[in-house]
Amino acid sequence: MENLKKVCYMVTKEDNVATAMADIEEDTVKITGDIPSEGFEVQIIQKIPFGHKAAVRDIKAGEPIVKYGAPIGIATENIRAGAHVHMHNMKSAYDFRSALLDPETAHAKDIEYKVY
């Protein structure tokens, strides 16, 4: 099993942040998740607490913070790849679609899924 202190989980390939699977110090971490290929690595440039987000690429001030394939906030300053992303460098951006997500499955309730 991989050392979780060296892993961040990225939910979709559209995300620009990944979640720390343990407290992470400045180090190179593997980005895993529902993304193409075997993942990739990012150099973490500051401590990321367990469950918090790390930028997987540079994010410009005013750019959406994307997690779960949906905007969850807006960068309030330029954020370097590997930096801690939290309320000190982002603000909330309520996504109206988040109110339409089923809390059990995280699927959008406004989309009809058909089984053939």
Side chain to side chain, I59 and M90, heavy atoms closer than 4.5 Å: no
Partner residues of Q46 under the side chain to side chain donor-acceptor pair (under 3.5 Å) criterion, sequence neighbours left out: none
Verdict with reasoning, K53 to I72, per side chain to side chain contact (heavy atoms under 4.5 Å, CB included): CA-CA 11 Å; K53 298 168 293 302; I72 62 164; 3.8 Å; yes
Distance (rounded to the nearest 0.5 Å) between K30 NZ and M21 CE: 13.5 Å
Pairing residues for D58 by the salt bridge (Lys or Arg N to Asp or Glu O under 4.0 Å) criterion, not counting sequence neighbours: none
Side chain to side chain, E25 and D27, heavy atoms closer than 4.5 Å: no
Inter-residue atom distance I24.CD1 - K6.NZ, 0.5 Å rounding: 9.5 Å
Straight-line distance of I45 CD1 to H84 NE2, nearest 0.5 Å: 12.0 Å
Atom of T28, atom of E41 and distance for their closest heavy-atom approach: CG2-OE1, 3.5 Å
Gap between atom CD1 of I48 and atom SG of C8 - 0.5 Å precision: 7.0 Å
Listed once per pair and sorted, the side-chain hydrogen bond (donor to acceptor under 3.5 Å, both in side chains) pairs that draw on residues 68-80, sequence neighbours left out: none
Stepwise side chain to side chain contact (heavy atoms under 4.5 Å, CB included) check, I65 with I79: CA-CA 10 Å; I65 304 297; I79 303 171; 4.1 Å; yes
Test side-chain contact (heavy atoms from CB on, under 4.5 Å) applied to V56 - qualifying residues, sequence neighbours left out: M10, A18, I31, F40, V42
Gap separating the CD1 atom of I74 from the NZ atom of K91, nearest 0.5 angstrom: 5.0 Å
Residues forming a side chain to side chain donor-acceptor pair (under 3.5 Å) with E63, sequence neighbours excluded: R57
Under 3.5 Å: donor-acceptor pair, side chain of N16, backbone of P64: yes
